Amino acid sequence: DAGVIQSPRHEVTEMGQEVTLRCKPISGHDYLFWYRQTMMRGLELLIYFNNNVPIDDSGMPEDRFSAKMPNASFSTLKIQPSEPRDSAVYFCASSLGRGRVQPQHFGDGTRLSIL
Amino acid sequence: RKEVEQDPGPFNVPEGATVAFNCTYSNSASQSFFWYRQDCRKEPKLLMSVYSSGNEDGRFTAQLNRASQYISLLIRDSKLSDSATYLCVVPDTGRRALTFGSGTRLQVQP
């Protein structure tokens, strides 16, 4: 079975540019999570969706960040305008939502560098 | 108190050694716990789920102590390939998300 699929794997761009990260969750999973990981701050939850609806975006750093989930098989995380401090690895994860809390399955991540 | 606390290490052990990591958590209502493994420059991968007092999978044993609110991970007969960062994970308070510990780094040496 296919796991969580993220694209691109790597992105290098200049500050001020718009960046769009993409994620396809595991089929049948009804929760989708976006994380950011840096050496200094570790793994931070940015936002998560349940059945395509954003549930908690309290981790989104500021208005420059936005996320959408137009259908059950696709989500985007957009940064506009990008800044050097946004450089990090961005992970998408998905999980089932029934009963007790289930483990999350991660994609390979997008390594983002803002120059 | 942080939601999840782990000793960052590194733990440097020889091949074949037994090593144990502890993790403390603050949410006494938590019912599910997880250990993830993360290799350098890779994504976190689920190692074990812990729903009751413990779980065992080959060389790996996880134990849960609800009274003291800690979870341990024991690795027996360490292999070079066990070198990684081990993340302790507990459910968030009040929402259906997970809190990841900052991880414990293990380096198994020949």
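What you see is a predicted model; the values in this text were computed from it and never measured. Note on naming: letters A, B, ... go to the chains in the order of the sequence lines (proteins, then strands), and numbering restarts at 1 for each one.
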To the nearest 0.5 angstrom, please state how far the [atom1] atom of [X] sits from the [atom2] atom of [Y].
X: B:Thr85; Y: A:Leu43; atom1: OG1; atom2: CG; value: 12.0 Å
X: A:Leu45; Y: B:Asp92; atom1: CG; atom2: CG; value: 7.0 Å
X: A:Phe33; Y: B:Leu98; atom1: CZ; atom2: CG; value: 6.0 Å

Quick check on the hydrophobic clustering: are [X] and [Y] connected, directly or via other members, by side-chain heavy-atom contacts under 4.5 Å?
X: B:Leu87; Y: B:Met48; answer: no
X: A:Met69; Y: A:Val4; answer: no
X: A:Trp34; Y: A:Phe74; answer: no
X: B:Val108; Y: B:Leu73; answer: yes
X: A:Phe91; Y: A:Met39; answer: no

Of the non-hydrogen atoms in [X] and [Y], which two are nearest, and what is the gap between them?
X: B:Ser32; Y: A:Val101; value: OG-O, 3.3 Å
X: B:Tyr51; Y: A:Gln102; value: OH-OE1, 4.1 Å
X: B:Arg96; Y: A:Tyr31; value: CD-OH, 3.0 Å

Are there more than 12 heavy atoms of other residues, nucleotides or ligands under 6.0 Å from atom [atom1] of [X]?
X: B:Arg105; atom1: CZ; result: no
X: A:Asp63; atom1: CG; result: no
X: A:Glu62; atom1: CD; result: yes

Which bit of [X] comes within less than 4.5 Å of chain B, counting heavy atoms only: side chain, backbone, both or neither?
X: A:Glu44; result: neither
X: A:Asp56; result: side chain
X: A:Arg41; result: neither
X: A:Tyr48; result: side chain

Could you tell me whether the side chain of [Y] reaches within less than 4.5 Å of the side chain of [X], counting heavy atoms only?
X: A:Gln37; Y: B:Gln38; answer: yes
X: A:Gln104; Y: B:Phe100; answer: yes
X: B:Glu43; Y: A:Gln6; answer: no

ask   = Using the benzene-type ring in the case of Trp, are the ring centres of B:Tyr36 and A:Tyr35 under 6.0 Å apart?
value =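 Ring centroids of B:Tyr36 and A:Tyr35 are no less than 6.0 Å from each other.
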
query = Who wins among B:Pro44, B:Ser49, B:Ala97, B:Pro91 for the most heavy-atom pairs under 4.5 Å with chain A?
reply =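 Among the listed options, the one with the most contacts to chain A is B:Pro44.
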
